[in-house]
Amino acid sequence: MSTHTVSSQTPANPFSSPLLLQEVDHMSPRLRAFLSEPIGEKDVCWVDGVSHELAINLVTKGFNKAYILLGQFLLMHKNQAEFQKWLICCCGATEYEAQQSSNCLKEWCACFL
């Protein structure tokens with residue numbers, strides 16, 4: 001007969017460290033919302049920095065979900081410069097959109113991976 005124990009630990013809060021709590025104050029509401037939970041099935045427009053126009057371009061190229069865009073970021077080894085260049089050249093992002101989007105995905109990775 002095996003004995004099963006249930007852990008009483010609560011799931012890790014991505015904002016529980018003092019450093020992250022300070023950084024939360026400087027985050028946009030959209031970034032804070034994106035980082036508040038796992039990606040799940042969120043549409044790509046949930047990614048901070050993705051405008052309506054950029055979302056249309058991304059969906060046209062098959063990047064309709066945030067996790068698919070995250071996959072592209074991970075395939076580029078979380079290299080923000082490379083990811084930004086790809087967003088600008090291949091998806092029509094502005095420099096600002098590319099920076100915001102790559103930062104959003106980098107921060108999500110820091111919280112959840």
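No experiment lies behind these values; they were computed from the predicted model shown.
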Inter-residue atom distance [X].[atom1] - [Y].[atom2], 0.5 Å rounding:
X	Y	atom1	atom2	answer
Tyr67	Leu105	OH	CG	14.5 Å
Cys91	Ile56	SG	CD1	13.5 Å
Phe34	Glu107	CZ	CD	11.5 Å
Trp108	Leu70	CH2	CG	5.5 Å
Leu113	Lys106	CG	NZ	13.5 Å
Cys104	Leu69	SG	CG	9.0 Å

Looking at Lys85, I want to see if its NZ is surrounded by more than 12 non-hydrogen atoms of other residues, nucleotides or ligands under 6.0 Å.
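Count not over threshold, so no.
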By the salt bridge (Lys or Arg N to Asp or Glu O under 4.0 Å) test, which pairs, at least two apart or in different chains, include something from residues 50-76?
Asp43-Lys65
Does the side chain of Asn64 reach to within under 4.5 Å of the side chain of Val59, using non-hydrogen atoms?
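The answer is yes; the side chains approach within 4.5 Å.
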Validation: residues 45-52 side-chain donor-acceptor distances under 3.5 Å, sequence neighbours left out:
unit_1	atom_1	unit_2	atom_2	d
Asp48	OD2	Ser28	OG	3.4
Asp48	OD2	Gln100	NE2	3.3
Ser51	OG	Leu54	N	3.1
Ser51	OG	Glu97	OE2	2.4

Verify same cluster id: Ile88, Val44 (apolar side-chain graph, 4.5 Å):
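Result: no, two separate clusters.
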Extract all donor-acceptor atom pairs below 3.5 Å that involve side chains of residues 72-80 and protein atoms in other chains or at least two apart in sequence.
unit_1	atom_1	unit_2	atom_2	d
Asn79	OD1	Ala81	N	3.1
Asn79	OD1	Glu82	N	2.9
Gln80	NE2	Ser102	O	3.4
Gln80	NE2	Ser102	OG	3.3

